[in-house]
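Below: one structure, written as structure tokens.
A quick note: this is a predicted structure, and the numbers were derived from the prediction, not measured. Below, chains carry the letters A, B, ... as their sequence lines are ordered, and counting in each starts from 1. Worth knowing before you read on, the calculation uses all heavy atoms, side chains too, and leaves out hydrogens, waters and symmetry mates.
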Amino acid sequence: MIGSYLVVSEMRLCGWVLRSKTIGRVVIVEVSGGDVRPYVLVGKQDVNPDLYKTLSSLPLGSAVCFEGEPAKEQKSKRGTEFEVKSIKVYAEPVEPLPVELVGKVPSLLETRIKYRWLLLRNPVEKAIFRVRQSIVQAAREYLLNNGFTEVHTPKIVAAGAEGGATLFKVQYFEREAYLSQSPQLYKQILVSSIPRVFEITPYFRAEKFNTVRHLNESWGIDVEQGFIEGVEDVMNTLENLVAYIINYVRDRNKEELETLGVELPRVSTPFKRLKFEEAVDILRSNGIEVPEGEDLSDHAERELGKIMSEKGHDLYFIVGFPWQSTGFYYMREEDGYHTRKFDLDFRGLEIASGGQREHRYDKLVEALRLKGLDPANFSFYLEAFKYGMPPHGGFGLGIERLMMQMLGLSNIREAVLFVRDRTRLVP
RNA sequence: GCCGCCGUAGUAUAGCCCGGUCUAGUAUGCGGGCCUGUCGAGCCCGUGACCCGGGUUCAAAUCCCGGCGGCGGCGCCA
């Protein structure tokens with residue numbers, strides 16, 4: 001229930017019949033409308049026979065609008081009651097609904113995904129996507145307030161960040177092109193003219209995964225900032241952004257969180273910084289095997305998450321990844337072994353990764369060669385580093401993964417309206 | 001790509017191991033009846049299902065093979 005609605009004396013409200021119950025000569029109808037909680041309409045045969053008749057003959061799923069005002073007596077535990085002055089039925093279902101929307105009968109994730117557009121009438125599903133909306137709004141608000149410019153970069157590209165194995169191919173007239181798996185190279189190029197940019201963007205990844213935390217089309221908040229003193233500047237932006245988002249949702253989506261049964265703690269910065277070697281040591285001392293020089297496995301990340309949570313760190317950075325496990329574009333430390341790449345983990349799940357980039361032209365060409373890549377294939381990218389590229393860095397923050405951890409979703413598919421995974425292309 | 005598990009009314013499930021009273025049970029939905037405020041209300045009646053193809057057998061939802069579909073784990077990564 002939105003408080004402001006109660007101030008207005010009369011209004012027209014619309015939605016779909018979610019639940020209906022007749023008890024003798026009283027009919028109670030719940031309408032899924034603009035709020036998380038439904039509107040509750042009550043018809044009493046002895047008081048208003050016409051309204052009683054209309055309400056009691058409404059099939060579940062009917063699209064209706066009604067005029068009225070909030071009832072003085074609020075008896076329902078599930079929504080806001082209204083005194084109905086008039087009601088109009090705009091559409092009735094052609095056949096009974098394929099899924100039960102109230103939650104009496106559980107439905108499999110597969111069914112939930114198939115009928116997501118319909119299930120959004122259910123308060124729980126509605127709440128998930130209202131939180132998603134808030135996350136995007138909070139991110140945009142925070143970044144705009146901190147001098148970042150929102151940009152849009154192409155999603156049809158000639159090459160990916162690191163080769164073509166994980167890219168979707170598309171036919172681009174007589175040439176072959178790909179769907180962008182990351183806006184990173186474009187963000188970096190832009191930093192040669194606009195010091196701070198961000199983009200809220202899809203990522204397309206052609207990996208044939210079938211796990212609870214991968215999608216083939218996902219969305220991210222991608223940030224790049226120039227004229228940095230070091231990687232800490234980038235990490236500051238990320239941690240403040242994440243804290244802002246979580247606190248924003250915590251303050252503004254109380255009803256959604258309550259509906260989802262989620263309690264979000266207030267988040268404060270700075271987040272813990274954990275050196276990659278420290279993470280490895282912690283894991284090994286807890287009996288978890290970690291191969292030398294490689295990135296952490298999912299299993300290792302989850303175990304680390306448990307250990308860190310026990311120490312009071314739900315959110316923590318892992319910093320200083322070995323160069324052999326990272327992309328060519330990360331700046332290397334003097335020792336040539338470590339890089340300025342970091343991950344941000346939230347309860348054992350990587351929700352963002354980024355770092356300081358190599359902005360020196362010669363070093364970048366050298367890095368490409370060392371990684372066995374042909375600089376000629378990156379000429380459009382390299383050119384941007386010739387004319388005064390400032391020291392810079394950035395990150396990509398996965399929206400669905402952030403949602404998973406914030407809301408305790410067990411499958412990333414719950415966080416997207418229309419799922420694109422290994423097997424789903426429709427709806 | 002590799003490994004494991006699963007496919008029963010619209011939805012969610014029982015039954016499958018040990019083949020036969022399974023004429024396939026239950027909940028919810030849907031149709032009908034009762035009840036003057038339910039909160040997943042309740043009570044009564046009705047309705048509707050064994051993924052597809054082959055095999056074994058006197059007999060297959062149940063056992064075997066293939067296909068299709070789904071779920072999960074691993075590698076990759078946000």
Side-chain angles (χ1 to χ4, degrees), chain A residues 18-30 37-38 40-47 52 56 59-61 71 73-79 81 93 95-115 118-119 122 160-163 165-166 181-184 201-222 238 291 294-302 325-327 341 343-346 349-354 395-405 410-413 415-416 421-424:
Chain A
L18 182 66
R19 187 169 163 268
S20 171
K21 191 67 208 171
T22 308
I23 307 101
R25 278 170 281 174
V26 176
V27 60
I28 298 166
V29 170
E30 292 173 15
R37 284 154 61 85
V40 180
L41 315 183
V42 182
K44 298 182 181 177
Q45 193 173 35
D46 299 349
V47 178
Y52 174 87
S56 57
L60 294 189
E73 236 187 325
Q74 292 288 333
K75 289 194 200 171
S76 172
K77 294 171 189 163
R78 297 167 49 89
E81 289 194 39
E95 50 188 71
L97 305 184
V99 281
E100 194 278 322
L101 297 182
V102 180
K104 296 181 204 173
V105 180
S107 44
L108 298 170
L109 184 61
E110 184 186 348
T111 312
R112 284 176 64 193
I113 292 168
K114 185 176 174 187
Y115 293 111
L118 188 57
L119 281 162
N122 171 287
E162 293 154 86
T166 61
Q181 60 167 190
S182 162
Q184 185 186 317
T201 175
Y203 302 140
F204 301 98
R205 311 214 165 170
E207 286 131 351
K208 294 179 179 177
F209 299 134
N210 186 19
T211 81
V212 294
R213 61 199 166 277
H214 288 94
L215 293 166
N216 292 295
E217 180 181 298
S218 68
W219 284 74
I221 297 157
D222 239 283
L238 176 53
E294 285 180 29
D295 205 344
L296 301 177
S297 68
D298 270 336
H299 173 71
E301 281 197 40
R302 280 197 296 272
S325 72
T326 69
K341 182 206 163 172
D343 278 356
L344 177 63
D345 281 32
F346 190 175
L349 182 73
E350 183 185 334
I351 61 164
S353 74
F395 56 84
L397 169 64
I399 293 174
E400 291 87 6
R401 286 200 170 179
L402 176 61
M403 284 174 72
M404 271 183 93
Q405 299 311 86
S410 56
N411 192 313
I412 196 165
R413 281 163 258 244
V416 227
D421 65 9
R422 184 71 184 86
T423 56
R424 264 174 272 258

With sugar-phosphate meaning primed atoms plus P, OP1 and OP2, does A/Ser297 contact a base, only sugar-phosphate, or nothing at under 4.0 Å between heavy atoms? sugar-phosphate

Between the base of B/rC74 and the side chain of A/His299, is there a donor and acceptor pair under 3.5 angstrom? no

With distance as the sole criterion, do the side chain of A/Asp298 and the base of B/rC74 form a donor-acceptor contact below 3.5 Å? no

For the side chain of A/Glu81 and the base of B/rG37, is some donor closer than 3.5 Å to an acceptor across the two? yes

Within the pair A/Asn411 and B/rG72, is there a side-chain N or O less than 4.0 Å away from OP1 or OP2? yes

Listed nucleotide nearest any side-chain atom of A/Arg205, set B/rC30, B/rA78, B/rG37: B/rA78

Rounded distance in Å between the P positions of B/rA14 and B/rC3: 28 Å

For B/rC74, take OP1 and OP2 only and decide whether either is under 4.0 Å from a side-chain N or O of A/Arg302. yes

Polar-atom pairs under 3.5 Å, protein N or O versus N or O of nucleotides 7-14 of chain B: list them with distances, or write none.
unit_1	atom_1	unit_2	atom_2	d
B/rG10	O2'	A/Pro98	O	2.6
B/rU11	O4'	A/Pro98	O	3.2
B/rA12	OP1	A/Leu108	N	2.9
B/rA12	OP1	A/Thr111	OG1	2.4
B/rA12	O4'	A/Pro106	O	3.0

Below 3.5 Å, can you tabulate the donor-acceptor pairs from side chains in residues 40-47 of chain A to any protein atom, sequence neighbours excluded?
none

Which residues pass the side chain to side chain contact (heavy atoms under 4.5 Å, CB included) test with A/Thr201, not counting sequence neighbours? A/Lys155, A/Pro183, A/Glu199, A/Tyr203, A/Asp222

Filter on salt bridge (Lys or Arg N to Asp or Glu O under 4.0 Å), then keep only pairs touching residues 396-405 of chain A, sequence neighbours left out; what's left? A/Arg132-A/Glu400

Classify the side chain of A/Arg401 versus the base of B/rC77 as yes if they form a donor-acceptor pair under 3.5 Å and no if they do not. yes

Pick base, sugar-phosphate or nothing for A/Val212, based on heavy-atom distances below 4.0 Å to the nucleic acid. sugar-phosphate

Could you let me know what B/rU47 is paired to, Watson-Crick or G-U wobble, both distances under 3.5 Å, or none if it's on its own? B/rG29

Verify the contact: side-chain N or O of A/Lys104 to OP1 or OP2 of B/rG29, cut-off strictly under 4.0 Å; return yes or no. yes

Can you work out whether A/Gly398 or A/Arg78 has the more 5'-proximal nearest nucleotide on RNA chain B? A/Arg78

Sugar-phosphate only, base, or nothing, as touched by A/Glu73 at under 4.0 Å among non-hydrogen atoms: nothing

Would you please test A/Arg424 and A/Glu110 for side chain to side chain contact (heavy atoms under 4.5 Å, CB included) and show each step? CA-CA 10 Å; A/Arg424 264 174 272 258; A/Glu110 184 186 348; 4.1 Å; yes

Contact nearer the 5' end of RNA chain B, comparing A/Lys44 with A/Gly103: A/Lys44

With sequence neighbours excluded, what pairs up with A/Arg302 under the side chain to side chain contact (heavy atoms under 4.5 Å, CB included) test? A/Arg213, A/Asp298, A/His299

For A/Val212, all residues meeting side chain to side chain contact (heavy atoms under 4.5 Å, CB included), sequence neighbours excluded: A/Asn411

Pick base, sugar-phosphate or nothing for A/Arg422, based on heavy-atom distances below 4.0 Å to the nucleic acid. nothing

Under 4.0 Å: is that the gap between some side-chain N or O of A/Ser76 and OP1 or OP2 of B/rU38? no

P spacing across the pair B/rU23 / B/rG67, given as an integer number of angstrom: 32 Å

No-H, no-angle donor-acceptor pair, A/Arg213 side chain to B/rA78 base, under 3.5 Å: no

Please determine if a side-chain N or O atom of A/Arg424 lies less than 4.0 Å away from the OP1 or OP2 oxygen of B/rC71. yes

Is any side-chain N or O of A/Lys21 under 3.5 Å from a base N or O of B/rG37, one able to act as donor and the other as acceptor? no

